[in-house]
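Here is the structure we will look at.
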There are 2 protein chains.
Amino acid sequence: MGRRDDDALAAEWHQLMGRYNRLMCALDRELSLAHDLSASEFEVLQQLEHAEECSLRMATLGENAHLTQSALSRLVSRLETDGLVTRKACENDRRSLFVALTDAGRARYAEARPTQRRVLRDEGSDCLPV
Amino acid sequence: MGRRDDDALAAEWHQLMGRYNRLMCALDRELSLAHDLSASEFEVLQQLEHAEECSLRMATLGENAHLTQSALSRLVSRLETDGLVTRKACENDRRSLFVALTDAGRARYAEARPTQRRVLRDEGSDCLPV
DNA sequence: GCGCATTGAATGCACGTGCATCTAACTTGG
DNA sequence: CCAAGTTAGATGCACGTGCATTCAATGCGC
């Protein structure tokens, strides 16, 4: 609670910012150059790949991928335009949507994963594990 | 190097993203509501406050605050417009600029710091220390 | 069954960012 | 001393984001 603890917390936060920015920039750059995917888009594909039937509700997907509702809505639109995912209406609740990976989406993810893992190894060696 | 290590690294990265996004959103929201400062702007003021004579070269400031050169350039412009910092030419190298905290800037930082520290305590308790 | 609050998702808007590029100022080799 | 290369910072541009709002579908109380 004291000044010292607060400053220690601020220092931790400062470190966290540094790690995040370095990794995120590297991932965005390399993934978009090599696979035309942003780091967020990759993250969404990854969540879907590991989901039951490669399909998740928008809200769930947003939480898992650390995206706000509006960011996710547009991101999924982009992925859909590129043919990597499809939106499917939910029968129980017609407000909800399921997002599902297409074959192309699964292929793109498989293609991009080694790149992402390599960047994490190269850039993250002194950042991760936290 | 193996698949397991890579996946562990990816999990760490996923955690890091979550922590960063949660804290950054909270800080941005509260700091801009209460003090009309973004989290990045606060970070810059903080770096200056702790610098020799409250003054740093742009490049140094950029590294310390984890900002790209272009982001920093515009951010400093905003702070200057608001009267919180001033740009001063460097006499030895007329390409360089020093950015210095004004009295108003120091005051705004002092005002905002408790808010930032509180958010870090509230939101960061389960995120920090890493 | 009918309003009323709530929830899921889409969208207008303003804004901050990265990338590429530009200009000016310094540096270095000849 | 000059030309070529390098470095500091500013800027045009496209783009992704958050916030606030909107619209439709659902649940809940009466």
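Worth knowing before you read on, the calculation uses all heavy atoms, side chains too, and leaves out hydrogens, waters and symmetry mates. The structure displayed is predicted, hence computed values, not measured ones.
- Position along DNA chain C of the nearest nucleotide to A:Ser77 versus A:Cys25 favours A:Ser77 as the more 5'-ward residue.
- If you check every strand for non-hydrogen atoms under 4.0 Å, B:Ser40 touches sugar and phosphate atoms only.
- In this structure, A:Ser77 contributes its side chain and A:Ser73 its backbone to a donor-acceptor pair below 3.5 Å.
- Of the possible polar contacts, one joining the A:Arg108 side chain to the A:His35 backbone as a donor-acceptor pair under 3.5 Å is found.
- Contacts of residues 43-58 of chain A with DNA chain C (heavy atom under 4.0 Å): A:Arg57, A:Met58.
- For the pair A:Ser32 and A:Asp28, the tightest heavy-atom approach, listed with the atom from each and the gap, is OG-O, 2.5 Å.
- Scored by the side chain to side chain contact (heavy atoms under 4.5 Å, CB included) test, A:Ala71 finds A:Leu67, A:Thr68 as partners (sequence neighbours excluded).
- Screening residues 72-83 of chain B for salt bridge (Lys or Arg N to Asp or Glu O under 4.0 Å) gives B:Glu41-B:Arg78, B:Glu80-B:Arg87 as the qualifying pairs, with residues at least two apart or on separate chains.
- The nucleotide range of DNA chain C contacted by chain B, defined by atoms under 4.0 angstrom from heavy atoms of the protein and reported 5' to 3', is C:dG16 to C:dC26.
- Taking CG from B:Leu61 and CG from B:Leu97, the interatomic distance works out to 11.5 Å, rounded to the nearest 0.5 Å.
- Residue A:Arg29 is in sugar-phosphate contact alone, with no base atom involved, counting any heavy-atom pair closer than 4.0 Å across all strands shown.
- With sequence neighbours excluded, the residues forming a salt bridge (charged side-chain N to carboxylate O under 4.0 Å, His left out) with A:Arg106 are A:Asp103, listed by chain and number.
- Judged as a ring pair (Phe, Tyr, Trp, His ring centres under 6.0 Å), the pairs with a partner in residues 72-123 of chain B (not counting sequence neighbours) are, in order, B:Phe42-B:Tyr109.
- Not a single side-chain hydrogen bond (donor to acceptor under 3.5 Å, both in side chains) links B:Thr102 to another residue, sequence neighbours left out.
- Looking at B:Asp5 and B:Leu9, their side chains never come closer than 4.5 Å, going by heavy atoms from C-beta outward.
- Heavy atoms only, all atoms of each residue included: A:Leu45 and A:Gly105 are closest at CD1-O, 4.2 Å.
- Residue pairs meeting the ring pair (Phe, Tyr, Trp, His ring centres under 6.0 Å) criterion with at least one partner in residues 14-34 of chain B, sequence neighbours excluded, are A:Trp13-B:Tyr20, A:Tyr20-B:Tyr20, A:His66-B:His14.
- A pairwise comparison of heavy atoms in B:Leu56 and B:Leu48 identifies N-CD2, 3.9 Å as the closest pair.
- DNA chain C lies under 4.0 Å from at least one heavy atom of each of the following residues of residues 80-90 of chain A: A:Arg87.
- Proximity of residues 91-98 of chain B to DNA chain C (heavy atom under 4.0 angstrom from any strand atom) is restricted to B:Asn92, B:Asp93, B:Arg94, B:Arg95.
- Taking every heavy atom of residues 63-72 of chain B and every atom of DNA chain C, pairs under 4.0 Å involve B:Thr68, B:Ser70, B:Ala71, by number.
- For residues 29-39 of chain B, the set of pairs meeting the salt bridge (Lys or Arg N to Asp or Glu O under 4.0 Å) definition, not counting sequence neighbours, comprises B:Glu30-B:Arg118.
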